[in-house]
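This is a predicted model, so every value here is computed, not measured.
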Amino acid sequence: MESSNIHIEHRQDVKSVVRRLQSLTILLLLLLFTACTSSSSEEIEEPKEKPVLKIYLFAPESPIVTRAENGWVSPSEDERRIGTLDVWVFENNTATLVSYIHLANQTFEGSKVISMEISDEFANNPNKPNVDIYVVANVAASNCGLTLSKASTPSELKEALIERTTTGSDFFGLTSPVTSVPVEGLPMSGFLLNQEITGTAPVFSAKTKNVKLVRAVSKVRFVFSRSTIAPVISNLSIKLNNGVLPTKEYLFLKGEYPTEKIHLEETPAYESEAEIVSGVSGEDINSCADPASYIYTNETGQQYESKINAGLVEQTIEGVTRPAELSEVRRFYLRESDKKLTGTIRYTIGGKEKETPFEMNAAGDFTRNHTWIVYGYFLGSGTLMLNSVVLKDWEDDPESDIIYNW
């Protein structure tokens with residue numbers, strides 16, 4: 001009997017534990033259901049769209065040719081390339097930074113819209129201050145001697161110089177002339193000052209929509225040909241004269257381009273004369289039956305540039321291949337100048353050294369964003385004829401949106 005009672009009590013204990021577990025399970029399910037019901041009925045706050053300021057950029061215009069300012073000259077792909085882009089927006093009255101952005105490897109055809117994040121405080125201010133916008137492209141310590149960053153101030157940007165430094169570096173100068181577009185690209189700059197902010201949250205823009213970029217340097221090309229009966233020429237060299245190229249220029253212009261085209265120090269210092277080409281032999285200069293056909297004859301800048309470029313390469317016309325008739329002895333990318341660029345071409349013929357001077361049309365023709373072609377050809381007598389310059393703004397068709405400068 002005693003054993004039977006123990007067995008019955010044990011079964012009752014088991015049943016009691018099972019009931020308790022069942023009750024606990026039901027309670028947990030109720031709690032979970034209540035929690036799910038509560039959270040599903042609550043409002044979930046969606047992330048707010050961040051306010052932005054849109055900056056509209058136009059790529060540089062094509063370079064200017066001189067003679068009669070007769071049209072534009074398109075840049076090469078390298079000359080129009082924009083590798084890096086830096087944009088600063090400051091409050092006009094306090095110089096407080098509103099926004100900054102650095103972009104790399106940009107595809108830039110004609111125009112580009114940059115969206116820059118701005119603070120909620122600035123976006124929600126009903127009386128937004130006017131802003132100053134500064135933009136640079138392809139500006140680095142390696143190609144310009146400049147290190148600009150988010151921390152750069154308006155005064156630092158305005159005072160930035162492309163120069164021959166006291167430590168021996170000479171950016172786009174004559175010490176080690178730049179003969180091809182640097183890996184970083186050609187330096188460009190542009191700005192808009194005291195701009196009213198328009199638009200409604202979350203998208204704003206400056207009232208004057210477009211910031212125009214301008215190349216800060218210019219290009220000169222020395223192109224030669226010789227008559228098929230010209231005597232042997234050797235030791236051709238090119239010297240740029242003393243006092244024609246400033247030792248420094250400002251990265252930014254004083255005002256908007258093209259109203260302002262140059263920005264040098266009030267009393268500029270200038271480079272000494274420099275031999276920029278040496279040791280060219282006659283074999284380095286292609287021959288042509290009619291080298292005078294490449295002289296300038298009142299074409300537009302682009303037409304003449306295209307004619308010269310065509311003469312520099314092999315041509316196949318009606319199935320007949322014609323070798324290149326011209327040789328580009330050298331091209332240079334240089335700082336701008338307020339002077340008339342002048343120099344001397346020297347060469348040896350028949351054991352005698354000869355020289356021929358060259359010069360630009362007028363002072364001021366080599367301000368930033370210009371291209372200059374010096375074309376020389378040797379006649380049968382060995383005389384060097386110079387069709388000195390065709391110089392024009394680097395710019396594509398002004399009717400199109402693509403406004404470059406070379």
One pair to check against salt bridge (charged side-chain N to carboxylate O under 4.0 Å, His left out): Glu256 and Lys212. What are the steps and the verdict?
CA-CA 8 Å; Glu256 191 174 350; Lys212 184 183 291 186; 5.7 Å; no
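- Considering CG of Asp365 and NZ of Lys340, their distance stands at 9.0 Å, rounded to 0.5 Å.
- Counting only distance, with no hydrogens or angles, the side chain of Asn210 and the backbone of Phe58 share no donor-acceptor pair below 3.5 Å.
- Aromatic ring centres of Tyr296 and Tyr304: separated by under 6.0 Å.
- Checking side-chain atoms of Asp132 against main-chain N and O of Asn194 turns up a donor-acceptor pair under 3.5 Å.
- Side-chain atoms of Asp86 never come within 3.5 Å of backbone atoms of His102 as a donor-acceptor pair (strictly under, hydrogens ignored).
- Counting only heavy atoms from C-beta outward, the side chains of Leu193 and Val131 never approach each other to under 4.5 Å.
- A donor-acceptor contact shorter than 3.5 Å links the side chain of His263 to the backbone of Phe252.
- Across Gly343 and Asn241, no two heavy atoms sit closer than the pair N-ND2, 3.5 Å.
- Judged by distance alone, the side chain of Gln195 and the main-chain N or O of Thr208 form a donor-acceptor pair under 3.5 Å.
- Geometric assessment of Lys339 against the ring of Tyr270 yields a positive cation-pi assignment under the 6.0 Å and 45° thresholds.
- Counting all heavy atoms, side chain and backbone alike, Gly382 lies closest to Ile349 at CA-CD1, 3.3 Å.
- Side-chain atoms of Lys354 and Thr348, non-hydrogen and from C-beta on, never get closer than 4.5 Å to each other.
- The two atoms that bring Ala95 and Phe90 nearest to each other are O-CD2, 3.4 Å, heavy atoms only.
- Within the 4.5 Å cutoff, side-chain heavy atoms of Leu97 are placed close to those of Lys150.
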Using the rule given for side-chain contact (heavy atoms from CB on, under 4.5 Å), can you reason through Asn130 versus Ile197, listing the C-alpha separation, both sets of side-chain angles and the distance that settles it, and then say yes or no?
CA-CA 6 Å; Asn130 287 2; Ile197 297 297; over 6 Å; no
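- Side chain to side chain, Glu355 and Tyr347 fail the donor-acceptor criterion of an N or O pair below 3.5 Å.
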Evaluation steps, side-chain contact (heavy atoms from CB on, under 4.5 Å), between Met116 and Ile55:
CA-CA 8 Å; Met116 305 176 67; Ile55 306 297; 3.6 Å; yes
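- Between the side chains of Glu336 and Ser218, no donor N or O sits under 3.5 Å from an acceptor N or O.
- Using modelled atom types, one finds a donor on one side chain and an acceptor on the other under 3.5 Å when comparing Ser306 with Gln302.
- Side-chain atoms of Leu157 and Leu251, non-hydrogen and from C-beta on, never get closer than 4.5 Å to each other.
- More than 12 heavy-atom neighbours from other residues, nucleotides or ligands sit within 6.0 angstrom of CG on Asn124.
- Looking only at side-chain heavy atoms (C-beta outward), Phe224 and Leu236 come within less than 4.5 Å of each other.
- One finds the CG atom of Leu341 at 5.0 Å from the CG atom of Leu240 (value rounded to the nearest 0.5 Å).
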Would you tabulate the side-chain donor-acceptor contacts of residues 272-281 under 3.5 Å, counting partners in other chains and residues two or more places apart, or write 'none'?
from	atom 1	to	atom 2	distance (Å)
Glu273	OE1	Lys239	NZ	3.4
Ser281	OG	Glu283	OE1	3.3
Ser281	OG	Asp284	OD2	3.2

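- Panel note: side chain Ser327, backbone Val329; no donor-acceptor pair is recorded below 3.5 Å.
- Using a distance-only test at 3.5 Å, with no hydrogens or angles considered, a donor-acceptor pair links the side chain of Gln315 to the main chain of Ala310.
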side-chain contact (heavy atoms from CB on, under 4.5 Å) assessment of Tyr250 paired with Leu161:
CA-CA 4 Å; Tyr250 287 98; Leu161 292 165; 3.6 Å; yes
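- Side-chain atoms of Lys54 and Ser115 include a donor-acceptor pair closer than 3.5 Å.
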Kindly indicate, with the supporting measurements, whether the criterion side-chain contact (heavy atoms from CB on, under 4.5 Å) is fulfilled by Val89 and Leu53.
CA-CA 9 Å; Val89 180; Leu53 176 64; 3.8 Å; yes
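- A side-chain donor from one of Glu184 and Ser142 sits under 3.5 Å from a side-chain acceptor of the other.
- Using a distance-only test at 3.5 Å, with no hydrogens or angles considered, a donor-acceptor pair links the side chain of Thr153 to the main chain of Glu156.
- With Arg81 contributing its side chain and Ser76 its backbone, the two residues share no donor-acceptor pair below 3.5 Å.
- Taking OG1 from Thr259 and CG from Leu253, the interatomic distance works out to 10.0 Å, rounded to the nearest 0.5 Å.
- Applying salt bridge (Lys or Arg N to Asp or Glu O under 4.0 Å) to Glu79 and the options Arg221, Arg215, Arg331 leaves one that passes, Arg331.
- Considering NZ of Lys207 and CG of Leu192, their distance stands at 13.5 Å, rounded to 0.5 Å.
- At a cut-off of 3.5 Å, with distance as the only test, a side-chain donor of Glu299 or Thr297 sits close to an acceptor on the other residue.
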Might you work through the salt bridge (charged side-chain N to carboxylate O under 4.0 Å, His left out) test for Arg368 and Glu249, ending with a clear yes or no?
CA-CA 10 Å; Arg368 67 186 61 195; Glu249 66 162 67; 3.5 Å; yes
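- Using a 4.5 Å heavy-atom threshold, the side chains of Phe332 and Lys219 count as separate.
- Checking side-chain atoms of Asn125 against main-chain N and O of Glu121 turns up no donor-acceptor pair under 3.5 Å.
- In plain terms, the two heavy atoms of Asn143 and Pro187 that are nearest each other are ND2-CD, 4.5 Å.
- Between the CE atom of Met188 and the CZ atom of Arg80 there is a distance of 9.5 Å, given to the nearest 0.5 Å.
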Evaluate Tyr375 against Tyr377 for ring-ring contact (aromatic ring centres under 6.0 Å, His included), listing each step before the verdict.
CA-CA 7 Å; Tyr375 172 54; Tyr377 59 96; 5.5 Å; yes
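- Aromatic pair Trp88/Tyr134: ring centres not closer than 6.0 Å.
- Smallest separation of non-hydrogen atoms from Ala206 and Ile133: CB-CD1, 3.8 Å.
- The residues Glu271 and Arg335 are annotated as salt-bridged, a charged nitrogen and a carboxylate oxygen being separated by less than 4.0 angstrom.
- With contacts defined as side-chain heavy-atom distances shorter than 4.5 Å, the pair Asn286/Leu326 does not qualify.
- Less than 6.0 angstrom separates the ring centroid of Phe358 from the ring centroid of Phe222.
- Rounding to the nearest 0.5 Å places OG of Ser225 at 10.0 Å from CZ of Phe378.
- Counting all heavy atoms, side chain and backbone alike, Gly364 lies closest to Thr367 at O-CG2, 3.3 Å.
- Side chains of Val87 and Tyr100 form no contact here, defined as non-hydrogen atoms less than 4.5 Å apart.
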